[in-house]
Amino acid sequence: DLQQRDLHLLRLLFEQKFLSRTQIKDHIFDGRERYTYIRLWKLRRFGFVRHLLTGFYKEGLYLPTEQAHQFFQAQFMELPPPVVCPDIRTLMHDLLVTDIRFLFEEMGFGGSWTSERVWRMGRSVRLWAPDAVTQIGRDPFALEVECIQKMDRRYEDIFFRYREDPEIAACLYITTESLVEPLMKRAENYSRIYFTTVTELFQKKEKTIFKNAQGNYLVIEENLEKNLKKASKNGS
């Protein structure tokens with residue numbers, strides 16, 4: 001008896017690789033602990049999800065199964081294949097990207113979210129892909145979550161790609177307080193790269209300001225989809 005929220009959860013698991021129990025409880029089942037337990041128990045019992053215990057994340061992770069993938073294929077829905085085992089090197093990064101997705105959806109910032117895994121589907125194999133792409137107004141914005149510093153040459157390559165990529169209007173970088181200034185300095189020749197910190201995003205939410213090295217700003221509350229839709233409706 002798959003419910004709509006179960007199906008939504010399964011699609012998210014394929015798109016984001018995995019979710020924690022807390023993420024599932026808070027963002028899929030409205031914070032209801034017992035109901036979360038019941039739905040996850042049923043999904044596990046009938047082979048749609050599996051619970052992976054790992055010493056790197058104490059509450060464990062929930063992943064979709066091959067059976068769940070076959071179920072969606074039978075519905076003519078293409079989704080990325082299930083991940084067999086999370087990469088411990090990117091585990092916390094991937095969980096943070098998912099938290100940012102939920103925050104964006106809660107605020108109404110961005111009309112859609114395309115995860116890295118979905119973005120890669122149907123595209124030629126390449127070494128680079130954004131962590132996600134979200135639609136702001138009519139424009140696709142890439143999202144990069146950066147918590148560990150890369151080599152300088154790597155940033156030059158990434159920034160250049162965003163400047164030249166016709167599919168992307170701009171890139172929103174969400175990084176740590178220690179990295180934001182060095183990264184902005186490296187992006188002084190790239191006006192399509194905007195920055196903020198993880199702390200500012202989760203503390204200020206709608207009041208968060210992304211800025212580029214040229215002094216231009218993008219304020220979340222001025223670009224909320226619910227506000228854009230309301231303005232469009234009033235102007236029609």
Side-chain angles (χ1 to χ4, degrees), residues 2 4-24 26-28 40 43 47-52 54 56-57 60-106 109-136 139-148 150 154 157-158 161-162 165-175 198 201:
L2 288 172
Q4 283 301 117
R5 290 192 183 188
D6 300 328
L7 295 172
H8 177 52
L9 167 59
L10 290 173
R11 287 194 296 268
L12 280 172
L13 288 173
F14 283 111
E15 292 177 8
Q16 302 298 127
K17 301 180 186 176
F18 48 79
L19 295 174
S20 71
R21 183 186 183 87
T22 299
Q23 288 174 328
I24 294 171
D26 292 346
H27 301 288
I28 307 299
L40 287 175
L43 289 168
F48 286 95
V49 302
R50 60 190 180 94
H51 185 219
L52 179 65
T54 170
F56 296 94
Y57 199 73
L61 303 168
Y62 288 86
L63 294 84
T65 64
E66 182 59 38
Q67 178 179 317
H69 195 246
Q70 292 174 2
F71 168 82
F72 281 105
Q73 285 182 319
Q75 310 300 316
F76 302 101
M77 293 182 62
E78 279 200 56
L79 290 169
V83 172
V84 176
C85 185
D87 187 339
I88 60 173
R89 297 170 299 178
T90 62
L91 192 151
M92 300 309 296
H93 167 274
D94 294 338
L95 287 169
L96 177 57
V97 170
T98 300
D99 282 337
I100 292 171
R101 174 176 184 165
F102 288 140
L103 179 60
F104 276 26
E105 291 175 352
E106 174 190 316
F109 184 50
S112 65
W113 178 285
T114 304
S115 70
E116 175 186 351
R117 306 192 77 220
V118 174
W119 180 259
R120 288 184 182 275
M121 293 176 64
R123 286 180 164 82
S124 59
V125 177
R126 56 182 179 178
L127 296 176
W128 166 87
D131 286 323
V133 174
T134 185
Q135 200 81 9
I136 300 176
D139 298 316
F141 279 66
L143 181 76
E144 292 282 359
V145 179
E146 190 80 2
C147 296
I148 299 177
K150 296 183 176 72
R154 180 67 177 138
D157 178 54
I158 294 172
R161 286 178 181 270
Y162 283 126
D165 193 336
E167 294 186 76
I168 300 298
C171 176
L172 305 178
Y173 251 85
I174 302 171
T175 187
V198 174
L201 178 64

Give me the ring orientation class for His27 and Phe102: parallel if the planes are under 30° apart, tilted from 30 to 60°, perpendicular past 60°.
->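 His27 and Phe102: parallel rings.
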Any chance you could measure [X], atom [atom1], to [Y], atom [atom2], to the nearest 0.5 Å?
| X | Y | atom1 | atom2 | answer |
| --- | --- | --- | --- | --- |
| Leu40 | Asp6 | CG | CG | 9.0 Å |
| Glu167 | Trp119 | CD | CH2 | 4.0 Å |
| Tyr57 | Phe18 | OH | CZ | 9.5 Å |
| Leu13 | Ile24 | CG | CD1 | 5.5 Å |
| Glu144 | Glu146 | CD | CD | 7.0 Å |
| Thr114 | Met121 | OG1 | CE | 11.0 Å |

If you define the side chain from C-beta out and look only at heavy atoms, does anything of [X] sit under 4.5 Å from [Y]?
| X | Y | value |
| --- | --- | --- |
| Leu2 | Phe48 | yes |
| Pro86 | Leu63 | yes |
| Leu9 | Leu43 | yes |
| His69 | Pro64 | no |
| Thr98 | Leu19 | yes |
| Leu12 | Tyr62 | no |

Polar contact flag, side-chain donor to acceptor under 3.5 angstrom, Asp99-Gln23 = yes
Just checking, any donor-acceptor pair under 3.5 angstrom between side chains of Asp94 and Thr90?
->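 On atom types as modelled, these side chains qualify, holding a pair under 3.5 Å.
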Answer yes or no: are there more than 12 heavy-atom neighbours, outside Glu78 itself, under 6.0 Å from its atom CD?
->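 Count not over threshold, so no.
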Can you name the closest pair of heavy atoms from [X] and [Y] and give their distance?
| X | Y | result |
| --- | --- | --- |
| Gly110 | Thr134 | CA-OG1, 3.4 Å |
| Gly60 | His51 | CA-NE2, 3.7 Å |
| Asp139 | Ala169 | CB-CB, 3.7 Å |

For Leu96 and Ile174, what are the C-alpha separation, side-chain angles and deciding distance, and is it a side chain to side chain contact (heavy atoms under 4.5 Å, CB included)?
-> CA-CA 10 Å; Leu96 177 57; Ile174 302 171; over 6 Å; no
Test salt bridge (charged side-chain N to carboxylate O under 4.0 Å, His left out) applied to Glu15 and Arg120, Arg101, Arg117, the passing residue |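 Single pass found, and it is Arg101.
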Val145: which of Thr175, Leu172, Asp131 passes side-chain contact (heavy atoms from CB on, under 4.5 Å) |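 Among Thr175, Leu172, Asp131, the one meeting side-chain contact (heavy atoms from CB on, under 4.5 Å) with Val145 is Asp131.
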Could you please spell out the steps behind the side chain to side chain contact (heavy atoms under 4.5 Å, CB included) verdict for Phe104 and Leu201?
-> CA-CA 10 Å; Phe104 276 26; Leu201 178 64; 4.1 Å; yes
List the steps, then state whether side chain to side chain contact (heavy atoms under 4.5 Å, CB included) holds for Leu7 with Phe72.
-> CA-CA 9 Å; Leu7 295 172; Phe72 281 105; 4.3 Å; yes
Say whether, by atom type as modelled, one donor and one acceptor occur between the side chain of Arg5 and the main chain of Ile28 under 3.5 angstrom.
-> yes
